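Note that ligands are numbered from 1 as they come in the structure, with each ligand's atoms numbered from 1 the same way. Everything numeric here is computed off the predicted structure, so don't read it as measured data.
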Amino acid sequence: MSIIQDAAQKAMQLAIDLAPERWLPGGTPDPLMRKHGLIGAAVSRIDGPLKVRGQARFAAEIPLETMVYAALVYSSVARARIAMLDTALAEAAPGVCLVMTHRNAPRMAPPPLFMSQPKAAGASDLPVMQDDEIRWNGQAVALVLADTQEQADHAASLVRVTYETLPAVTSFADARTRARPPENILGAPTRIEIGDAEAALAGAAFQVDSAYSTPRHNHNAIELHAATVAWEGDTLIVHDSTQMVNATAWSLSQVFGIEETQVRVRSPYVGGGFGGKGLWDHQILAAAASKLAGRPVRIMLSREGVYRIVGGRTQTEQRVAIGANADGTLAALIHTGVAAMTQHNAMPEQFSFPARHLYAAEAFKVAQEVADMDMLVNTFMRAPGESIGTFALECAIDELAEAMRLDPIELRRRIEPEKDPISGHGFSSRHLLKAYADGAERFGWDARSATPGTRREGEWLIGMGVATATYPYYRMPGSVARIRLTADGRVIVSTAAHEMGMGTATVQAQHVAERLGVPFERVTFDYGDTDLPSGSMAGGSSQTASIAGAIIAAHEKLVPELLKLAGNDSPLAGLTPDDVEARDAGLGRRGDPERHESYVSILQRARREELVCEAPGPMPLETQKYSMHSYGAQFCEVRVNAVTGETRVSRFLGSFDCGRILNPKTAASQFRGGIIMGLGLALTEETLFDERSGRIMNPSLAEYHVPVHLDVPRIDVIWTDIADPHSPLGARGIGEIGITGVGAAVANAVYNATGKRIRDLPITLDKLL
Ligand code: MOS
């Protein structure tokens, strides 16, 4: 997603260099970043009661008149031409109103590939049901519409397909022999070399050089991917579950050859996204079938369906080699590797990103390749790249500390950089060492025995491990906010943003209440609808900053408008925007409690029903000037059964440095959720991909093991709460960082417990016996 940001920023580079510091967004820190009150308060989620009562309507819960239900038929081979496709039995089945295949599907353009254009949302740019070619094992070959879901599912089982198979690349080892460098990694260079890292490694006093491997992972949001679609004339209405309403609408308009304004996407509630809720084939197929049938269509993928047509995290093999000098500084840092990918997507899994910013070294070699396979396209999955990149890098740091007989936290103190080691930019705000110090104290790191395998209680070996968490700060351009003040004293803020359970609406309502000086209850935050001002996607842990930037811009327009409306009869007469501040539901002169007028009074005196101001957030120039990242230190205690090899995480602490924490309740939940996904990554999650057929073999929650309650110990989370002076509200992203570093913290704890280094995820008991 940063390629868009990157291109925009490159265009602005000259202007930035010439611009005075105060022109930079964030150059004058947001005054709210140090304000306490609603910001920083543990406000419960506005949408909580609606969800608990079942009143929140999700995409597959929208009832439409004459609606029919869709079921998909998935291919069972990886590459082929369809030899025979017999739909007669399905068409004759009870309740069926349509069977759609490539033979009768409307002609549609391929979805625009994510990042190829600002609003491109396609996870791949393969044509959707337009020909007889099969490109991955699981591709939809037919769609059935029927009066009930059961009838649709039954009829789908009656579709007969045979294939003329074609040679397919389904072995990673085979694909690796033709690995290629991708054009870029989300807009960043594929390969970075500073000095001669291999030579520096060879000559270093201490060396580690290891290979790490990470498996495929699948998305398993509680809410299955679903959409309810209807055509109203030439206008397409999509009730979707998505992290990107605007991009979905634009992309669907391209697919169907209509105007963007002819597609309305609504997505007020998303039951978990994690990167997987974008534009996939099911929304396109449902819209196409709805067009053919002339009836609204509901499509909800089965759990297996999500595994067949919604991509996840891809497989990687990584090398991390580190050379250290006798004093503990680094002579060389090498992080290279290869990720499985298809030729039809834009997601090379940026595992090399952490090594570009985390530690000081004299020489660097950081490079990624991709190996093309015939498989479902992979996509974003919570901290794509960073989650598995930190597994390799942070295990290697632990291995180096062991080789040097240094405490792993002490090693990190010695390699803490003063500025970004690759870009040379200063850090906007970085307190990683404080996160380590605070975490170590709270967790009781002192109790760790440096010698592996020395703590034992009965059958259980006990160990402690630590690792760095990191995720970039992004702020997306293109987010527009509208502020509406009403004469009866309400504030309605709107932008087509997304709420997938993280607290978007709540936190922005807190923000607006504080920025305008009005009670929280008076604020409404409208989102999740393309009829609202264009929003940014919920991705890259960027949404809070992106929306906040737009709200700040809209507010900067609102204040002069209010002063103009207030006129000469107001206590505010003659004041400029710089003279006033928001307080007591109105504007007041700074430092002068006497001069104040409420918004209601201003509007009523001017005989106005409302005042509306709208503005886009400024370009995210702060990321050009500073190296901006969220940080954390993950502490883990494990108990490994010496007899069975079973690993149980007994304690976990995440200590984070992510700027200002806007709502400790929702933030703690984000951190914990990330850590829990990290425990899955460390110990249980693995998509089993049959390398003979390219078939995913465990497409169910029974066979793909996400952590359940009994797998998750008490998770403690703390944070520095140090405001970042270069971001709106002083906040950086918190959505994805929680998962990063967890794999390594667990692996390092397992090593400390057992003396066994497991460099291949997940750490299952067979690898420990
Ligand atoms: Mo996140 S994987 O960018 O939704």
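- Classification of R266 and D240 as a salt-bridged pair fails, no side-chain N sitting under 4.0 Å from a carboxylate O.
- In this structure, E369 does not pair ionically with R180, as no charged nitrogen and carboxylate oxygen lie closer than 4.0 Å.
- Only the side chain of P384 comes within contact range of ligand 1, with a heavy atom under 4.0 Å; no backbone atom does.
- Note: F656 and F671 meet the aromatic proximity criterion, with ring centroids under 6.0 Å apart.
- If you number the atoms of ligand 1 from 1 as listed, the ones under 4.0 Å from a heavy atom of G540 come out as 1 (Mo), 3 (O).
- Sorted by first and then second residue, the side chain to side chain donor-acceptor pair (under 3.5 Å) pairs involving residues 668-686 (not counting sequence neighbours) are E685-Y704.
- Heavy-atom proximity to F274, at under 4.0 Å, picks out these atoms of ligand 1: 2 (S), 4 (O).
- In this structure, G273 has no heavy atom closer than 4.0 Å to ligand 1.
- Between D529 and R264 there is a salt bridge, since a side-chain N of the basic residue sits under 4.0 Å from a carboxylate O of the acidic one.
- Residue contact check: E736 has heavy atoms under 4.0 Å from atoms 1 (Mo), 2 (S), 3 (O) of ligand 1.
- Close approach to R382 involves these atoms of ligand 1, each under 4.0 Å from a residue heavy atom: 2 (S).
- Any N or O atom pair closer than 3.5 Å counts here, and F380 shares no such pair with ligand 1.
- Taking any N or O of Q243, backbone or side chain, at least one lies under 3.5 Å from an N or O belonging to ligand 1.
- Contacts with ligand 1 closer than 4.0 Å are made by backbone heavy atoms (N, CA, C, O) of M381 only, the side chain lying farther away.
- A distance below 6.0 Å separates the ring centres of F380 and F114.
- The salt bridge (Lys or Arg N to Asp or Glu O under 4.0 Å) pairs that include a residue from residues 730-745 are D657-R732, D724-R732, where partners are two or more places apart or lie in different chains.
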